[in-house]
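Okay, so here's the structure we're looking at.
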2 protein chains.
Amino acid sequence: MSHSTKQRQAVLACLSGRRGELLSAAELTQILRQAGSPVGLATIYRHLTRLEEAGFVHRVNTPEGAFYRYCEEESSGGRECFLLRCESCGQILHLDCSHLRALYEHLERDHHFIVNPRETVFSGLCEACARRGKEALHEQP
Amino acid sequence: MSHSTKQRQAVLACLSGRRGELLSAAELTQILRQAGSPVGLATIYRHLTRLEEAGFVHRVNTPEGAFYRYCEEESSGGRECFLLRCESCGQILHLDCSHLRALYEHLERDHHFIVNPRETVFSGLCEACARRGKEALHEQP
DNA sequence: TATGAAAATGAAAATCATTTTCATATTATA
DNA sequence: TATAATATGAAAATGATTTTCATTTTCATA
Ligand SMILES: [Mn+2]
Ligand SMILES: [Mn+2]
Ligand SMILES: [Zn+2]
Ligand SMILES: [Zn+2]
């Protein structure tokens with residue numbers, strides 16, 4: 001049904017070798033080209049989609065496009081993590097927070113909405129950018 | 001600095017006359033054309049951007065594009081509301097929940113991340129779609 | 001090992017929401 | 001009215017993602 005190809009392995013290996021990092025399809029293309037195993041952009045998109053469906057990678061959607069990261073096997077002890085995206089600097093932070101887990105249970109039990117943490121991204125300001133913003137208020141215009 | 005034009009008024013009036021509804025730029029175009037006051041798509045995007053910056057409308061980003069709604073004056077008594085988007089049927093629900101407000105305070109105080117509720121959309125399953133999903137598990141394959 | 005059907009590849013074209021360009025029209029002010 | 005600032009909209013540009021399609025690769029089977 002599905003053939004093993006060097007392109008598929010290259011895409012997964014690249015993400016697997018950079019745990020925790022979020023990469024775009026274009027960044028993947030660039031990295032693989034520099035590593036001497038170029039893979040077409042269309043093929044990269046195809047594999048990212050299939051790898052996500054198969055549970056090997058996670059996708060994070062942002063207004064700037066999608067980013068992908070290797071899926072640590074959360075089933076075996078890995079803590080579920082939540083995504084915070086800074087609107088100012090674009091950085092994506094991972095957060096492990098029991099309050100957040102509890103809130104999701106509240107939403108499910110009391111508001112009948114089942115949150116998908118993988119697709120949910122909190123948008124806002126990271127600490128550095130928030131501080132920078134405060135300082136800007138005190139500057140001369 | 002900014003001129004009052006019938007196009008700007010038409011865009012705001014359309015959203016104002018449909019409180020709570022989330023409309024895309026294309027839907028706005030369609031509605032205004034049918035109402036006999038057609039406005040170019042580029043102009044609609046320009047006004048939506050400016051109206052949002054000025055606080056008259058809110059924007060909600062989804063993987064299917066941006067949606068806009070009239071801004072009820074939250075400053076004067078209107079409850080802040082949160083956005084839940086069903087991944088299955090696409091519907092966007094508004095939620096007023098004190099637990100959620102409290103969680104945002106926790107994220108700010110203890111994790112130094114200031115959430116922007118206007119840009120944050122919880123992705124998941126609405127009640128109807130979750131039930132439909134459960135039923136599907138019991139069906140014959 | 002040779003064969004062939006199924007699956008995969010990648011360059012190029014297509015999509016689609018949004019933004020930009022630019023020539024023209026409208027507004028506000030003198 | 002004259003003038004400059006601002007707004008409009010059709011068409012072109014953008015940029016991420018998807019699709020097309022001719023070609024290549026994989027893999028089960030002979
Ligand atoms: Mn916490
Ligand atoms: Mn609640
Ligand atoms: Zn930041
Ligand atoms: Zn639903």
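Labels below follow one simple rule: chain letters A, B, ... track the order of the sequence lines, proteins then strands, and each chain is numbered from 1.
- Under the 4.5 Å side-chain contact rule for hydrophobic residues, A/Leu103 and A/Leu84 share a cluster.
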Is there a side-chain contact (heavy atoms from CB on, under 4.5 Å) between A/Val11 and A/Leu32 once you walk through the steps?
CA-CA 8 Å; A/Val11 170; A/Leu32 292 174; 4.1 Å; yes
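- Taking the side chain of A/Ser4 as heavy atoms from C-beta on, and the options D/dC27, C/dA12, C/dA8, the nearest nucleotide is D/dC27.
- As the counterpart of D/dT25, C/dA6 is assigned, both hydrogen-bonding distances of the Watson-Crick or G-U wobble pattern falling under 3.5 Å.
- Note: CD1 (B/Ile44) to P (D/dG9) measures 9 Å, nearest angstrom.
- When each of B/Ala66 and B/Arg46 is assigned the nucleotide of DNA chain C with its nearest heavy atom, B/Ala66 is the one assigned upstream, toward the 5' end.
- OP1 and OP2 of D/dT18 both lie 4.0 Å or more from every side-chain N or O belonging to A/Tyr45.
- Atom CD of B/Glu64 and atom C1' of C/dT15 are 15 Å apart (whole Å).
- Panel note: side chain B/Thr43, backbone B/Val39; no donor-acceptor pair is recorded below 3.5 Å.
- In terms of phosphate contacts, B/His47 brings no side-chain nitrogen or oxygen within less than 4.0 Å of OP1 or OP2 of D/dA7.
- Comparing B/Asn61 and A/Arg8, the nucleotide of DNA chain C nearest to each residue sits closer to the 5' end for A/Arg8.
- Nucleotide D/dA30 is matched to C/dT1 when pairs are restricted to Watson-Crick or G-U wobble geometry with both distances under 3.5 angstrom.
- Distance B/Gln9 CD to D/dT8 P: 10 Å, rounded to the nearest Å.
- Across all strands, B/Ala26 comes closer than 4.0 Å to no nucleic acid atom at all (heavy-atom distances).
- If you take CZ of A/Arg50 and P of C/dT9, they are 8 Å apart, rounded to a whole angstrom.
- Residue contacts shown for A/Ser2 are limited to sugar-phosphate atoms, with no base heavy atom under 4.0 Å away.
- The side chain of B/His3 sits closest to C/dT27 out of C/dT27, D/dA10, C/dA8.
- The shortest side-chain heavy-atom distance between B/Glu87 and A/Glu119 falls under the 4.5 Å cut-off.
- Within the structure, every side-chain polar atom (N or O) of B/Gln7 is placed at least 4.0 Å from both OP1 and OP2 of C/dT26.
- Under a 3.5 Å cut-off, the side chain of A/Ser16 and the backbone N or O of A/Leu12 do not form any donor-acceptor pair.
- Look at B/Thr5 and you won't find any side-chain N or O under 4.0 angstrom from OP1 or OP2 of C/dT26.
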